[in-house]
Protein chains: 2
Amino acid sequence: MNISRASDYAIRGLVYMAKQPAGTVCFVKDIAKNTNSPASFMSKIFQTLAKSGIVHSFIGTKGGFTFNVQPENITIKTVIEIIDGPILLNRCAVNKSACNEIDNCDVHYMWADIRKILIKALNAYSIADFAKDKKNNKEVLSEVINF
Amino acid sequence: MNISRASDYAIRGLVYMAKQPAGTVCFVKDIAKNTNSPASFMSKIFQTLAKSGIVHSFIGTKGGFTFNVQPENITIKTVIEIIDGPILLNRCAVNKSACNEIDNCDVHYMWADIRKILIKALNAYSIADFAKDKKNNKEVLSEVINF
DNA sequence: AAAATATAAGACAAATTTTATCTTAATTTG
DNA sequence: CAAATTAAGATAAAATTTGTCTTATATTTT
Ligand code: SF4
Ligand code: SF4
């Protein structure tokens, strides 16, 4: 029950980028150094992010990455889905076609429900939220929703 | 971002047990058959559940498993933690000792927050909730918390 | 313009985790 | 006490995750 290390790195890398002056072309080398991640692994992660369209890549000397979507509009959920694929807690609750139950089984509604909550929480945080200050100034969700 | 198949099976297996008359000694063979899971895999899963104390096991002919904790008191979170281990979304947000940040890093508060929400949601459902009827009669959480 | 350099892209490989099976031990029944 | 039934535990296969190494592309320098 965790995100992959790749998704974790991706988020940290994007947060690092968001902290640089807007428009800066960032090198994987620097992104990796500042996130304590293996550069070659981070490289592959950014390839995936580039393919998805949220960052733009430039090959060759002075190449690197820039945002293609504003960090305010990139939520944690977006990043996790790009790297890890769809968020399916029990790996079938959404993909009903993969199960042979005619009616929904005993646990279907629960997983759908919990998934909905999780996705909303993951969508409540954007990359830009972390670039500002450490104890980010947004109110803590779990208090706001009184849950 | 999903629970393991083992946890999924565990939950389904326990729900099956909860549907039998209280006190029934259940065989792995039957539990597996009724959850479409490999019996030998389910066997190992129930070993783990037995070690944790939530079920009791009986060896030998007419052996099997019974609840050691009332299904009402076994939440989904409990089961997942027994099978998959602690719920750590980014695999460090709780285990601060495993990281070398002096202050908390940029993403620490977010993960702590989302984790808190997820855990509450997982704790809101018990095994007994599913034994009653399919569209279980408890209100849908994601609506109740207006989130 | 060619060579050297810096960079991302993509192919490849190791490590870990997940999923499962196979063998052994324990208990009951006849 | 032998046979049958069941869980426990050891072992193995498969899948996924994590990571590295090589190749292609663009820029800069000579
Ligand atoms: S009905 Fe059950 S098995 Fe089928 S998709 Fe829903 S949760 Fe999965
Ligand atoms: S400070 Fe950052 S790296 Fe350390 S435990 Fe928290 S989330 Fe993990």
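Hydrogens, waters and symmetry mates play no part in the numbers below; they use all other heavy atoms, side chains included. Here is how names work: the chains are called A, B, and so on, in the same order as the sequence lines, proteins then strands, and each is numbered from 1.
- Per the geometry, NZ belonging to B:Lys51 stands 8 Å off C1' belonging to D:dG9, to the nearest Å.
- Between A:Pro38 and B:Ser43, the residue whose closest nucleotide on DNA chain D is further toward the 5' end is B:Ser43.
- We find that CG of B:Asn90 is positioned 17 Å from C1' of D:dT18, with the value rounded to whole Å.
- Grouping the Ile, Leu, Val, Met, Phe, Trp and Tyr side chains by contacts below 4.5 angstrom, directly or via other members, places B:Ile82 with B:Val69.
- The side chain of B:Phe41 approaches C:dT19 more closely than any other nucleotide in the set D:dG19, D:dA7, C:dT19.
- Nucleic acid contact class of A:Ala6 (heavy atoms, under 4.0 Å, all strands): sugar-phosphate only.
- Atom-to-atom, CE of B:Met42 to C1' of D:dT6 comes out at 16 Å; the value is rounded to the nearest Å.
- Using a 4.0 Å cut-off, some side-chain N or O of B:Tyr9 falls inside it from OP1 or OP2 of C:dA20.
- A:Phe27 and A:Met17 fall into different hydrophobic clusters, where Ile, Leu, Val, Met, Phe, Trp and Tyr side chains are chained together by heavy-atom contacts under 4.5 Å.
- Spacing between atom CD of A:Gln47 and atom P of D:dT18 amounts to 17 Å, rounded to whole angstrom units.
- The list of side-chain hydrogen bond (donor to acceptor under 3.5 Å, both in side chains) pairs with a residue in residues 48-69 of chain A, not counting sequence neighbours, is empty.
- Of the options A:Phe58, A:Phe65, A:Phe67, a ring pair (Phe, Tyr, Trp, His ring centres under 6.0 Å) to A:Phe46 is made by A:Phe65 and by none of the others.
- Contact annotation: B:Ser40 does not reach the phosphate of C:dC22 (side-chain N/O to OP1 or OP2, under 4.0 Å).
- Across the protein-nucleic acid pair, A:Lys44 atom NZ and C:dC12 atom C1' stand 10 Å apart, rounded to whole Å.
- Taking the side-chain contact (heavy atoms from CB on, under 4.5 Å) definition, one finds that B:Thr75 meets it with B:Lys77, B:Thr78, B:Asn123, sequence neighbours left out.
- Here the side chains of B:Cys105 and A:Arg12 are in contact, with some heavy-atom distance below 4.5 Å.
- Aromatic ring pairs are classed by plane angle as parallel below 30°, tilted from 30° to 60° and perpendicular above 60°; the pair A:Phe130 and A:Tyr125 is parallel.
- Atom CD1 of B:Ile31 and atom C1' of D:dT6 are 12 Å apart (whole Å).
- At whole-Å resolution of the value, CD1 in A:Ile45 and C1' in D:dT18 are 9 Å apart.
- Contact annotation for B:Phe65: backbone-only contact, meaning every heavy-atom pair under 4.0 Å involves sugar-phosphate atoms and none involves a base.
- The CZ atom of A:Phe46 sits 17 Å away from the C1' atom of D:dG19 (whole-angstrom rounding).
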### Message
Counting primed atoms plus P, OP1 and OP2 as sugar-phosphate and everything else as base, spell out the protein contacts along nucleotides 25-30 of chain C at 4.0 Å heavy-atom distance: B, S or - for each nucleotide, 5' to 3'.
### Response
-BBB--
